[in-house]
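In what follows, a single structure is set out as structure tokens and then discussed.
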Amino acid sequence: MQKEEGLMEKITSLAKRRGFIFPGSEIYGGLSGTYDYGPLGVALKNNVKNLWWRMFVDSRDDVYGVDAAILMNSKAWEASGHVSGFSDPLVECKKCKRRFRADHLEGGKKCPECGGELGEARQFNMMFKTHAGATEDESSVVYLRPETAGGIFVNFKNIIDTFHPKLPFGIAQIGKAFRNEIAPRDFVFRSREFEQMELEYFVNENSWEGAFEEWRKDMVHFAEACGLSMDSFHSKDIEAGDLAHYSKKTIDFEFDFPFGRGELWGLAYRGDFDLSAHEKGSTVELKYSDGEGAKITPHVIEPSLGVDRTVLAILASAYKEDVTGDDTRVYLAFPSHIAPIKAAVFPLLKNKPELVEKAREVYTALKKKVPQVMWDDNGNIGKRYRRQDEIGTPWCITIDFDTLGENPEQKDTVTVRNRDTGSQERMPIDTAIEMVAGGVSLYLQ
Ligand code: ATP
């Protein structure tokens, strides 16, 4: 395990200070395992989700998107095995009554908090339970979905009936999932409410291996496109003995987070387990007709990616410190298509109306092409650069007296400052706008 001391604290504090991620319900003392994304966090998260949707759905002609309800008929979770089996082994300290995941305790039978004696492991179901409607009895029990995949399988027949896809084809969904984690920890790595990007790719049984390899490569490509540090990105084949009974192959993509190595995403071959289980549970046929009279239950490959863990891996990969003497410049080296703000526009001085007016013109022209831009006229230019560095803005564009024509040769040119190198370049306004727009659309064409 590689650990970087202090990096987690630096990231958590920057995320809060600069409006990426706040602790949930903070003014009420918080709610463990929940986080609120601020303006920059939501922009970052949207960029990740849009990139995934672009690469896994829109760029293909065999993947269909859905947005299913979070609340589902409980029978779906009975059929999938979540009601009886979606649980973690839990032990309780007999003295302080704290509970811990048995599989997370490193050796010993003593409580890590108070040293008390631990009880026997019990299974604890991780689904959040609530009631639909006014009566609170067993018949009205519903669960908040613990994964988005369930909403995909229950729509298999709808997609077949409305779009008549040919095998292989996929159904994709992005959305919230809820797990009553016993020990939420490590910032947004393990929370109780999080988002997933999942895809079920239905194949003929005899062609699962080719499809698995294709999605494996696409997931690596997605990691690169997110700007993840690829030295910290690993794929681990789950050993045969640890595979779920229906799976012939599963890969965990792991990442060296600042707190150590942990699962980032998963890729699983799940056979026909899910469709068969839902067919049995619902008594509705969930088969594919090959057009020549044969009906088969397709097998499925499942790439499953957590949005929040991706965001954390992006923050950890992007966090950089430039130390000169006793001065430390902190910046987030996001790829431009991931950065929440693509460019900031500054008038050199805010008390010169002619500079402000020209800067507003540039800002408006840029914003028409690239909406995620920021206006900043607060404090001196050096301070503005530092602020933009900390939020990972790739370019800062300054409008000065030369832009206005004080030096006729420089009229309508601006200074563009690069976040990573700190270097500054003089260029025409149009060129600056094209440069920002070009960098942003790199992965989005
Ligand atoms: P873990 O072993 O870490 O609990 P898991 O194997 O249960 O994870 P999956 O059920 O495979 O996770 O879920 C798919 C993805 O959803 C994970 O790879 C991860 O990115 C994300 N994820 C799962 N649980 C959480 C959580 N509590 N908080 C944030 N993201 C999560």
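Atom set for the values below is all heavy atoms of this structure, side chains included, hydrogens, waters and symmetry mates excluded. Just follow the structure's listing: the first ligand is 1, and inside any ligand the first atom is 1.
Every atom of ligand 1 with a heavy atom of Ser304 under 4.0 Å away is listed here by number and element: 14 (C), 15 (C). The atoms of ligand 1 that sit less than 4.0 Å from any heavy atom of Gly306 are 20 (O), 21 (C). Residue Trp265 approaches ligand 1 through these ligand atoms, each under 4.0 Å from one of its heavy atoms: 18 (O).
Contacts between Asp252 and ligand 1 below 4.0 angstrom, taking non-hydrogen atoms only, are absent altogether. Counting heavy atoms under 4.0 Å from ligand 1, residue Glu198 does not touch it at all.
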Show the atom names and distances, to 0.1 Å, of all donor-acceptor pairs under 3.5 Å that link a side chain in residues 12-24 to residues at least two apart or in another chain.
residue: Thr12; atom: OG1; partner: Met8; partner atom: O; Å: 2.5
residue: Ser13; atom: OG; partner: Arg17; partner atom: NH1; Å: 3.0
residue: Lys16; atom: NZ; partner: Glu26; partner atom: OE2; Å: 2.8
residue: Arg17; atom: NH2; partner: Glu390; partner atom: OE1; Å: 3.3
residue: Arg17; atom: NH2; partner: Glu390; partner atom: OE2; Å: 2.7
residue: Arg18; atom: NE; partner: Glu390; partner atom: OE1; Å: 2.7
residue: Arg18; atom: NH2; partner: Glu390; partner atom: OE1; Å: 3.0

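Among the atoms of Val188, none of the N or O lies under 3.5 angstrom from an N or O of ligand 1. Remark: ligand 1 and Arg190 share an N or O pair separated by less than 3.5 Å (distance only, no angle test).
Using cut-offs of 30° and 60° on the angle between ring planes, the pair His245 and Phe273 is perpendicular. The aromatic rings of Phe259 and Phe257 lie parallel to each other, with less than 30° between the two planes, well short of the 60° mark.
For atom 13 (O) of ligand 1, the candidate residues are Gln196, Met197, Glu147; the nearest heavy-atom contact is made by Gln196.
Using a non-hydrogen distance threshold of 4.0 Å, Asp308 does not register as a contact of ligand 1. Judged by the shortest distance from any of its heavy atoms, Phe189 lies inside the 4.0 Å radius around the atoms of ligand 1.
The cationic group of Arg384 lies under 6.0 Å from the six-membered ring centre of Phe346 and within 45° of the ring axis, placing it in a cation-pi geometry.
Contact check on Lys236 versus Asp242 returns no salt bridge, with no Lys/Arg side-chain nitrogen under 4.0 Å from an Asp/Glu carboxylate oxygen. Between Glu213 and Arg216 a salt bridge is recorded (basic side-chain N to carboxylate O distance below 4.0 Å).
Annotation: ring pair (Phe, Tyr, Trp, His ring centres under 6.0 Å) contacts of Tyr363 (sequence neighbours excluded): Trp375.
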